[in-house]
Structures are given as structure tokens and as C-alpha cells.
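Written out below as C-alpha cells is the structure these notes cover.
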Amino acid sequence: MLSKRSDALISAFVLTLYYVGVADGNASDFVTMGDLRRSRRGQSDSSRPGGMIMEGVGFQYTMRFQPGFHLHNLAQQQGGDGGMGDGTVTEAPMPMPTPGTPPPEPAPTEPEEPEPTIPTRPTSAPSEDTPPATDSMMMVPKPSDSPGMQPSPSPRPSAKPSMRPPVPTPPSSTKTSIMQPHQTLKNLLFGSPVEANLILKTPNAPRSKGKGFLSLFEVIKFPNTKCSVSMGDIRSMEGVCYHEFECKSLGGIPTESCAEGVGVCCVFVNGCGDVTSQQILYFESPNYPNAVREMMICVLIINVKKGVQQMRLDFQMFELSRPTNGDCLDDQFIVSGHNTNFQIPILCGINTGQHIYIHVGDSNESKLYLSVFMKVSGGGRSFNIKVTQLEDDLAPNNCLQYFPEAEGLIKSFNYDTDGSIVDNREATYFNNLNYAICLARLKNVCSVSYNTEQLGGDQPDFQIVNKDEAENDLISDGQAGAGIFNCPDDFIAINSVPLCGERFNDGRESDDFTMHATVRDTAAGPIILPFRTDAEYVGRGFRLLYRQELCA
């Protein structure tokens, strides 16, 4: 068997050298010899022109010159069955012995392996879905190793494919091939030097797969995480890390680099009439930071992303017209599209620095509407609201405000007296409020202390008003009120005790109700401060400093 394989390889090499000579310009010699056909028994047969048959031990090699085979058809010259062609020439099938033809002489007495048949293409039109050829050349050590080359049950001469007479063509547009069973010459180059690389492969070896066009580029992926950009001494803004092209296509503003320089921190700024689905965005008034001084209806629609449970609104800048006796009449900021069992008050006045959480996990539609109505002309208004869609780091259910830090500042809406744009009318809270302020209880915390910050000025630092039916104050001026009888309508509850009046004092730290005192919440469980008002009377509100205290 080893001898047979060696003879086959030697014959292939001899044919290669011969055919390279033909490719170098000796086409006439090839045509002359192409009329010669040699059989296994040494008989010549010139009835089948167009090729030369040379035999080794157990193999036949057919050498031909195929005209019209251009280099750009290289990808189509090898089909899934090992055959070769340019897609425009159909080769005839192997002929069978016809009646009247004398039968071939019997095979030698010594049994030898049946020789493989050379794969040929069918007589039908060439298939358009022929798989592309690889650049590899496959050599079959023995006929039984090749699929589609089954030995005949009885020894008989193998029919050979028909060969077309060669037509000389310019070497620059032709391709010469030496064909063996499942064997292709790779990279046969015309001219000098000539290179022929023969690669031995098994018939069932997987074909190499090229990377194709995308191999020219490295696809770099990075997560679209949150990022921040500093705007000098003014403020900082948050965005999402995108590729610069993607950022611009989404309508964002590319700023500083992120993802190790591959992406940019993309900031999204939206205005009146926009529809957005971004995770982090800024809702700004027209010509921000310039003031708006005319009537306006401004609506932003936010598509709630899948998996989002809450949205947090941070009022970076919020100055609308002040309320009138606790009601927002001239200007209104209205949120809609949230959960039906969750109340969000109508806001106006000065609320810069405030925030609210909007619960949207159980809303009927996956849209949130932020609407600003400016009903009268004159005066200045301006707003810049940061909107963040939250899948985690959520506030407790039905908490309008949430403070996860160990210490901070809590104040009622429209508490500040001074604004940069709005006229400095009297600051008051709103009518018909009913919302909860929640704190995250940190580890090893047993109590929370609250103190009012004494700012001074024309209005009291702490003021929650309650009157009787005769419009008399239930708590005298400059006094603290505590309990349900003193604070029946408007109050903030700490330790489940309603507090009101013009002093912040529950009587536990000090019994002097004309003085502010520390109020401690020592109750177990969630830390919640409910704030409620009616529709009758309003005061300035509250501004409290809180601090969580460790267990003693």
C-alpha cells in the first residue's frame, strides 16, 4: 500500500512539472499530446481528444487545459463533491460501455484495488448554490478514504470524464489545474517563480473558515453604564457611556471619554414636545438657563424601559410662579402616568435641590408625562430636571422622597424664600398634601435625631398652621404643638407624633415649647415621616437636619 501511495505522489509531481511547462507557453505541445490516450493495458485510444491520462499504481491522473477559467472565478471552481469548474461549463458524466463495443480484456489475475472514479459534474445546468471552494488542496491516500468514491463490485474499467480541447488564452486571465480525486493545486502562479503547495488532508477534515470582511476591524464592546462629566464650577451632569457615533445618532451630546477612551459620556437634554427612552436625561425649559416670560404648555413623554420600577426626578433648577394661598394657580408642574394608588402633588414655586420618586412598576401604560403649564405671561420661570429610570436602588413603596444617606437635609416644597428668577413672595407649602418621606435605616442604627436649622428672616424657620372653625390658631404664635389635638389637620409626624406650630419640639428633650429642641425617632421598623395638609390654611413649612445615630 505504501508503494502505491508513493507512486501516486510521484506521478502527481511529474504531471505538475509538465503542466507548469505548458502554462509557461508550451500549449502546442500539450495539444499534440492531448490526442493521446493511454489505457491501463498500454493501448492507445485517440477517440477521446482533449486530455492526457497517465497512470500510477492504483490511480489515474487526468491532465487538462480548461479554457476560459479566470482567476476571479477561483471561489467557484470547487464544489462540495470535489469537482472543479468555472460555473459556465458543464462536463459530461462518465460514459458507460455502449452496445457493440468489444468488452475490455479481463483484469490481471492478481487482484488489485479498484481504482477510484474521478468525480464529474452532472449534465444538468450548474447549480447556483454550489458552496464556495477553499484554498486547500486535498490528497486522498487510498480510494476507500474518499466519500463518493466507492469501488465497483466487480473489476471493470473506469470511465473517464470528457475533456475539451484547450484554447490558448493569455496567461494573465487563465488558471491551470491539475486534478486528482479530491485534490486541487493551490496558488498555481504563472510566470517565474512558480509556486505549487500540495497540502495533504483527510477527506473529512473541516474546511478552514475565513473571518471575512469583519476581520479588518476589531469589534469592541463595552457596557452602557452611567458616567458623569464636570461642567466646571457650575455643576456636574450624568450621562450614559456610548460610542460617539451612537451618541450622536441617539440625539445625545458627547462629552468626556469613558470606557478607557473607547466611548464618550453621552448627555441627553430634552425639551418641550420631545419623546425619549433614555435612562438618564435632563428636561429643560426653552432657552435654559434664560428665563421664560410668556404663557407656555410644555410636555415631555418618557417611555419607561422594560424592568424599570421607579423614576427619580432631581430638580437641578426649579423656579415657577409661587402658589396663591397654598394653591398652584399661575404655574403648575404635573406628573401623570404613574401607579394609580400613588399620589404626586402638583408643584410650583421654588424647589431647586428637591427630588421626588415616581413609582411606575404597576402603571397601566409604559409612559410617563411631565407637564409644565405657565398660565400667565410676565415674571420669570426656569427649570432643569434630571430624570433617572431605576431598576435597582429603589425607594420603599409609596415614598415620594427617599434619603439613603446617614445624614442630610429634609424640607417641604417651596420652603425657600429667595430665588434667582421668581419674585420673592411669601414661601408656603401646598394645600391637600399627603405624602411620605422615607429614610434608609443603616446598619447598627437605633435612632434618628432631627433639628430645625435657624435661618432667621421675616418668616419662621418652622411653621405648620392649624386653626379651629372660628379661624383661631390652635397653637399660639411662637409655640410648639404636638399631638392629634394640637395638630389635627396640618402636621409632620415623627415617632408617630404629629408636630406643628411655630417651634419644633415634641416635649421629650425639653418642656419649654417656646424653644426649638431635638426630636428623636426611636421607633423600630422603617423610618417614615408622613406630611399632611388640608385645603384651609398654610404656613412656611419645615427644614430639618437629620442624622442617624448608632446604638449605644
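Model, not experiment: these values are computed from the prediction.
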> Does a side-chain heavy-atom distance below 4.5 Å link Leu439 with Ile410?
Replying inline: yes
> Quick one: are Asn451 and His516 in side-chain contact, heavy atoms under 4.5 Å?
Replying inline: no
> Can you find a side-chain donor-acceptor pair between Ser382 and Glu319 that sits under 3.5 Å?
Replying inline: no
> Going by atom types only, do Asn495 and Arg520 share a side-chain donor-acceptor pair under 3.5 Å?
Replying inline: no
> Between atom CD1 of Ile253 and atom SG of Cys265, what is the distance when rounded to the nearest 0.5 Å?
Replying inline: 11.0 Å
> Are more than 12 heavy atoms from other residues, nucleotides or ligands located less than 6.0 Å from atom CG of Asn341?
Replying inline: yes
>> Keeping Asp521 on the side-chain end and Ala523 on the backbone end, is there a donor-acceptor pair under 3.5 Å?
In response: yes
> Is Cys266 close enough to Cys241 that their SG atoms are under 2.5 Å apart?
Replying inline: no
> Would you say Arg503's side chain and Thr514's backbone share a donor-acceptor pair under 3.5 angstrom?
Replying inline: yes
> Do Asn472 and Lys467 have side-chain N/O donor and acceptor atoms under 3.5 Å apart?
Replying inline: no
>> Ignoring hydrogens, what is the shortest heavy-atom contact between Ser363 and Asn339? Give both atom names and the distance.
In response: N-OD1, 3.0 Å
> Of all heavy-atom pairs between Tyr282 and Asn384, which one has the smallest distance, and what is that distance?
Replying inline: CD2-OD1, 3.5 Å
> Taking atom OG of Ser420 and atom CD1 of Ile350, what is their separation to the nearest 0.5 Å?
Replying inline: 7.5 Å
> Do Gln401 and Gln354 meet the criterion of a side-chain donor-acceptor pair at a distance under 3.5 Å?
Replying inline: yes
>> Can you tell me how far apart CZ (Phe283) and CG (Leu300) are? Round to the nearest 0.5 Å.
In response: 5.0 Å
>> If you apply the rule side chain to side chain contact (heavy atoms under 4.5 Å, CB included), what do you find for Tyr415 with Arg540, and how did you get there?
In response: CA-CA 6 Å; Tyr415 179 88; Arg540 182 180 184 183; 3.5 Å; yes
>> Please check if the number of heavy atoms outside Asn424 that lie under 6.0 Å from its CG is greater than 12.
In response: yes
>> Within the 4.5 Å heavy-atom criterion, are Leu347 and Phe315 side-chain neighbours or not?
In response: yes
> Is the CD1 atom of Ile297 crowded by more than 12 outside heavy atoms at less than 6.0 Å?
Replying inline: no
>> Keeping Gln459 on the side-chain end and Ala427 on the backbone end, is there a donor-acceptor pair under 3.5 Å?
In response: yes
> Side chains of Tyr429 and Asp490: donor-acceptor distance under 3.5 Å anywhere?
Replying inline: yes
> Roughly how far, to the nearest 0.5 Å, is OG1 of Thr276 from CD of Gln389?
Replying inline: 8.0 Å
> Is a side-chain N or O of Thr352 found less than 3.5 angstrom from the main chain of Phe318, in a donor-acceptor match?
Replying inline: yes
> Counting distance only, does the side-chain N/O of Asp314 pair as donor-acceptor with the main-chain N or O of Gln316 below 3.5 Å?
Replying inline: no
> Are the side chain of Asp331 and the backbone of Cys328 linked by a donor-acceptor contact shorter than 3.5 Å?
Replying inline: no
> Do Gln310 side-chain atoms and Ala395 backbone N/O form a donor-acceptor pair below 3.5 Å?
Replying inline: yes
> Do you know the tightest heavy-atom contact between Cys500 and Asn486?
Replying inline: SG-O, 3.4 Å
> If you take all heavy atoms of Ala436 and Ile528, which pair is closest and at what distance?
Replying inline: CB-CG2, 3.9 Å
> Roughly how far apart are Thr388 OG1 and Gln279 CD, rounded to 0.5 Å?
Replying inline: 7.5 Å
>> Counting neighbours of CZ on Arg532 that are heavy atoms of other residues, nucleotides or ligands and sit closer than 6.0 Å, is the number greater than 12?
In response: no
>> Can you confirm whether the thiol sulfurs of Cys258 and Cys227 sit closer than 2.5 Å?
In response: no
>> Please report the interatomic distance OG(Ser510) to CG(Asn505), rounded to the nearest 0.5 Å.
In response: 5.0 Å
>> Please check: side-chain N/O of Asn303 versus main-chain N/O of Lys367, any donor-acceptor pairing under 3.5 Å?
In response: no
> Under 3.5 Å, is there a donor-acceptor pair between the side chain of Asn224 and the main chain of Val240?
Replying inline: no
> Less than 4.5 Å apart, any side-chain heavy atom of Tyr435 and any of Ile344?
Replying inline: no
> For Leu368 and Ser336, which heavy atoms make the closest approach, and how far apart are they?
Replying inline: CD1-O, 3.4 Å
>> With heavy-atom distances below 4.5 Å as the criterion, would you say the side chains of Asn431 and Val538 are in contact?
In response: yes
> Is it true that a side-chain atom of Arg441 and a backbone atom of Ile527 form a donor plus acceptor pair closer than 3.5 Å?
Replying inline: no
> Taking the side chain as C-beta and beyond, is there a heavy-atom pair between His359 and His338 under 4.5 Å?
Replying inline: no
> Heavy-atom distance under 4.5 Å between the side chains of Phe383 and Met317, does that happen here?
Replying inline: no
> Please walk me through it: do Ile280 and Lys386 pass side chain to side chain contact (heavy atoms under 4.5 Å, CB included)?
Replying inline: CA-CA 7 Å; Ile280 302 175; Lys386 175 187 173 185; 4.2 Å; yes
> Looking at Phe542, Phe504, Tyr450, which one forms a ring pair (Phe, Tyr, Trp, His ring centres under 6.0 Å) with Phe462?
Replying inline: Phe504
> Are the side chains of Phe531 and Leu529 in touch, meaning some heavy atoms are under 4.5 Å apart?
Replying inline: no
> Parallel under 30°, tilted from 30 to 60°, perpendicular over 60°: which one fits the rings of His355 and Phe403?
Replying inline: perpendicular
> Hey, is CD on Glu260 packed in by over 12 heavy atoms from elsewhere, all under 6.0 Å?
Replying inline: no
> Going through the checks in order, is the side chain to side chain contact (heavy atoms under 4.5 Å, CB included) test met by Lys375 and Leu329?
Replying inline: CA-CA 8 Å; Lys375 299 181 179 181; Leu329 300 179; over 6 Å; no
>> Counting neighbours of CG on Asp468 that are heavy atoms of other residues, nucleotides or ligands and sit closer than 6.0 Å, is the number greater than 12?
In response: yes
>> Test side chain to side chain contact (heavy atoms under 4.5 Å, CB included) on Ile356 and Leu400; report intermediate values, then the result.
In response: CA-CA 5 Å; Ile356 62 173; Leu400 182 65; 3.9 Å; yes
> Between Val497 and Gly483, which heavy-atom pair has the shortest distance, and what is it?
Replying inline: CG1-N, 4.1 Å
